[in-house]
Amino acid sequence: MKISSPLSQICAAVLLCASATTTYADAPAPAQPWMNAKLPAAQRAALVVQAMTLDEKLRLVYGYLGADSDWKKSKRPAGARPQSAGYIDGVDRLGIPPLYETDAGLGVASQPGPDVRQGTALPSGLSTAASWDTAGARAAGAMIGDEARKFGFNVLLAGGVNLLREPRNGRNFEYAGEDPLLAGRIVGAQIAGIQSQKVVATLKHFALNDQETNRTTLNVKIDDSAARMSDLLALQLAYEDGQPGSVMCGYNRVNGAYACENSYLLNTVLKQEWGFKGWVMSDWGATHSTIPAANAGLDQQSGMPFDLSDYFGPPLKEAVLNGWVPQQRLDDMALRIVGAMFEHGVIDHPVTVAPQQIDFRAHGAASQHAAQEGMVLLKNRDKLLPLADGARRIAVIGGYADKGVMAGGGSSLVYPQGGNAVPELEPKVWPGPVMIYPSSPYQALQRKLGKATLRFDDGRDPARAAALARDSDVVLMFATQWTGEGMDVPDLALPKQQDALIHAVTAANPRTVVVLETGGPVTMPWLEQAGAVLEAWYPGTQGGEAIASVLTGEVNPSGRLPMTFPVSEAQLPRPKLDGYPEQADARIEVDYHEGAAVGYKWFDLKQQTPLFPFGFGLSYTEFAMLGLRAEVRDGRLQASFEVRNTGKLAGKQVAQIYVAPVQARWEAPKRLGGFSKVSLAAGARTSVSLSVDPRLLATFDSASKRWQVAAGDYRVTLAAHARDAQASSVVIHLDAASYDVQGRAIKASH
Ligand code: BGC
């Protein structure tokens, strides 16, 4: 049953609503029949909304910031958890608890202030995507869901899957890269993991919120079918796999209308076509109206006093009483909110604040494991890594590696136990503080490499650092790029003259391993000179241990890039970032003329050679992939093949299947159609079989709202990355086929 139907229709279908109000006399019904956990969530929601007054319904759709705010001179509501992102009153009389909301995808974040919560941070979202491990993403989601619940939250604002269309986007680290299949599957798994802990997750930011510059006024222009095959596909797959209870609409405008009052996106695509039954909350400060927003499908205003006005407060009441917003629309909002609360167990299992029950040791181990799975070895000349026993004099340079590892800035920032290891870094205010988690790679290496002598240089003086490098067997050169919410980086160069430092150090000693802690892709003008490069992303609160375990070979790296690393910005669809540097309140427009040709698809289309391709990553062992076969089984394209570990160490390979039509043209020469990460002992082999979602073989036809597969030959390629010279392929014929908007086969009518 759709909870989007008017309340009266739902009650007619459910019967119990009627009996709750009319048959008390002969058979006393329980006082709160919606508390019967055996009933379906939609039915329980219908029962309780039926019992609500107008003011109680209105209370559910109006959210507050859960922290005091200096800039707005506001105090958090009494019920809110201190220093939290959001709070919505419940209806105590009817047994509906408040919504306690916290950010976000890497763990339980805190608004800055005196009582920050100290928790466990996962590695960045890009690191999780780089793991290509959906089971791992689910487990990581369950870990942060558990932590959220025990800190007293029933909504985690986690589930960010904005596509990496703009490598300079300051929030890329929160998301899952440039490919809709990989990003959608990873974030869907994370959402499912969070919700397994009876905490509602939040798919965000809906939609096309792909840059931070002028994010609150930016208008994104994109063709509908291109959006469906790129950004919207990532959101759709994450939605299908994760079944999130809530969706957050973004700050930006899409084809003219603000995302939070965009009826096409919210009513048509999300609710009608995809069948989303939960509620849409606005981003904090992303509501711009009462009547247009409510009628366009926004169900809850968030984070007041962020918005200019209390649109879903008294003005919404007035609009409902005047009939400008139909009463049924308000009922629908309330039904969606309490429906998701019943569905995800937050009413039957109320949260309490019990941080003493958090197993921080186990959570730390989970974070470390996640970080290890996501590290990508990009270069390894002459097997410089893992560090050999013979390396006695090791220089560790730069990147605060003596103290800890970098984290990204903004609302997703998790404050660590032990506090900031380098508190003096600027900026200290939003989107700062620049946080260095107190997990030092230098100290972890020292513990693991008892026989070696480690010396640290902070890298501030390149000549001094080079002298140390010259006098060492091996150099571990740490470089950082801090990125954060509300700002983009001007270009892809490492900041603060680190390129010059790396030039000096690699020139002094070519046996230099560059360890990158970056928010996204960076350029590497020193790549030729470097001996090895490890992309460690923002590796979370156990990042130092995780990095040391990979450098020493305790862990064999198995991450693969979830995005392309360009040689330079000139290769991008927009060599210059639109709107940068930001002029406050400028109403800029970005034309996504590349359509669905995002990332490697753009590079393929333009025949450009990237610095490192999508899907790329080395291992300390070698693999062979062979025996590719493709067939159509039960109407689906299946690829099967074998993966062998041909080297001398246990390791993990990420097998990637790319698909492309032979005769027809898509937005780009090929798309990722499937992937599988396999773990193999030295010498071991395994058979893999993958099925390709038909939407990845189709183009979306906006007029008929169908995914159309054209009849013809299709090339199916088995590869280790998007530019793999060892790839093998087969060609298979596919018949024409149509799929509805959700990807379900439409039988041809005769
Ligand atoms: C961010 C959201 C976040 C919200 C609440 C906004 O600034 O865009 O991702 O969930 O704040 O903190």
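Order of appearance sets the numbers: ligands from 1, and atoms from 1 within every ligand.
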Query raised in the report: For W284 and ligand 1, does the shortest N/O to N/O distance drop below 3.5 Å?
Result: no
Query - Atoms of ligand 1 close to S411 [distance to a heavy atom under 4.0 angstrom, numbered from 1] - result: 1 (C), 3 (C), 12 (O)
**Report entry** Heavy atom of the protein closest to atom 4 (C) of ligand 1 (residue, atom name, distance)
**Finding:** D283 OD1, 3.5 Å
**Report entry** Ligand-side contact atoms (ligand 1) for residue partner H205, heavy atom cut-off under 4.0 Å
**Finding:** 2 (C), 8 (O), 9 (O)
Report task. List the closest protein heavy-atom neighbour of atom 7 (O) of ligand 1: residue, atom name, distance to the nearest 0.1 Å. Result -> E485 OE2, 2.6 Å
Query - Closest protein heavy atom to atom 3 (C) of ligand 1, given as residue, atom name and distance to 0.1 Å - result: D103 OD1, 3.2 Å
**Report entry** Contacting atoms of ligand 1, where contact means under 4.0 angstrom from a heavy atom of K204
**Finding:** 2 (C), 3 (C), 9 (O), 10 (O)
**Report entry** N or O contact, W430 vs ligand 1, cut-off under 3.5 Å
**Finding:** no
Query raised in the report: Would you say the side-chain atoms of D578 and Q211 include a donor-acceptor pair closer than 3.5 Å?
Result: no
Query - Which of the ligand 1 atoms, numbered from 1, are nearer than 4.0 Å to a heavy atom of R215 - result: 7 (O), 8 (O)
Requested in this report: Answer with yes or no whether R171 contacts ligand 1, where contact means a heavy atom under 4.0 Å from a ligand atom.
Outcome: yes
Query - Any side-chain donor near an acceptor of the partner, S246 and T202, under 3.5 Å - result: yes
Report task. Tell me yes or no: between the side chains of Y592 and D231, is some donor less than 3.5 Å from an acceptor? Result -> no
Requested in this report: Give a yes or no on whether the ring-centroid distance for F173 and Y538 is below 6.0 angstrom.
Outcome: yes
Report task. Tell me, please: is E174 in heavy-atom contact with ligand 1, that is, under 4.0 Å? Result -> no
Report summary line: Of D283, N162, V247, the one forming a side chain to side chain contact (heavy atoms under 4.5 Å, CB included) with F206 is V247
Query raised in the report: Looking just at side-chain N and O atoms, do S110 and R117 make a donor-acceptor pair shorter than 3.5 Å?
Result: yes
Query raised in the report: Do D488 and T213 meet the criterion of a side-chain donor-acceptor pair at a distance under 3.5 Å?
Result: yes
Query raised in the report: Can you list the steps and then say if Q301 with S282 is a side chain to side chain donor-acceptor pair (under 3.5 Å)?
Result: CA-CA 5 Å; Q301 177 180 12; S282 64; over 6 Å; no
